[in-house]
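The next block holds one structure in the form of structure tokens; read it before the comments.
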Amino acid sequence: MAWTWRFEKSDGTEVEPAVAPEEFTTQGDAESWIGEVWKDLMEGGADQVHLFDDGRKIYGPMSLHADAS
């Protein structure tokens with residue numbers, strides 16, 4: 001299994017992440033990574049992310065903005 005992230009602007013347009021992600025072997029590793037770098041990703045132009053497992057969407061969009069409801 002390969003867990004990957006998709007990075008988007010708030011309108012759903014895909015953007016290149018400011019921090020290069022890797023392919024993660026577990027959901028927990030992927031989520032830990034996003035928890036460590038979300039501010040850098042947001043500052044680099046990403047507003048939201050989606051998590052995929054082998055190309056299958058698990059969840060998203062998830063906002064990177066702390067004040068989002």
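These values consider heavy atoms only, across backbone and side chains, with no hydrogens, waters or symmetry-generated copies.
A pairwise comparison of heavy atoms in M42 and L64 identifies SD-O, 3.5 Å as the closest pair. Closest approach of A18 and G44 over heavy atoms only: CB-CA, 3.7 Å. Minimum interatomic distance between P17 and L41 (heavy atoms only, all atoms of both residues): CB-CD2, 3.7 Å. When all heavy atoms are compared, the tightest approach of W33 to A20 is CZ2-O, 4.0 Å.
A donor-acceptor pair under 3.5 Å is absent between the side-chain atoms of K9 and the main chain of V15, judged by distance alone.
Rounding to the nearest 0.5 Å places OH of Y59 at 11.5 Å from NZ of K57. Atom CD of residue Q48 and atom CE of residue M62 lie 10.0 Å apart, to the nearest 0.5 angstrom.
Side-chain contact check for T13 versus E8: every heavy-atom pair is 4.5 Å or farther apart. F7 is listed as a side-chain neighbour of I34, based on a closest heavy-atom distance under 4.5 Å. With contacts defined as side-chain heavy-atom distances shorter than 4.5 Å, the pair L51/E31 qualifies.
Ring pair W3/F52: centre-to-centre distance not below 6.0 Å.
Inspection of the S32 and D29 side chains reveals no N or O donor paired with an N or O acceptor under 3.5 Å.
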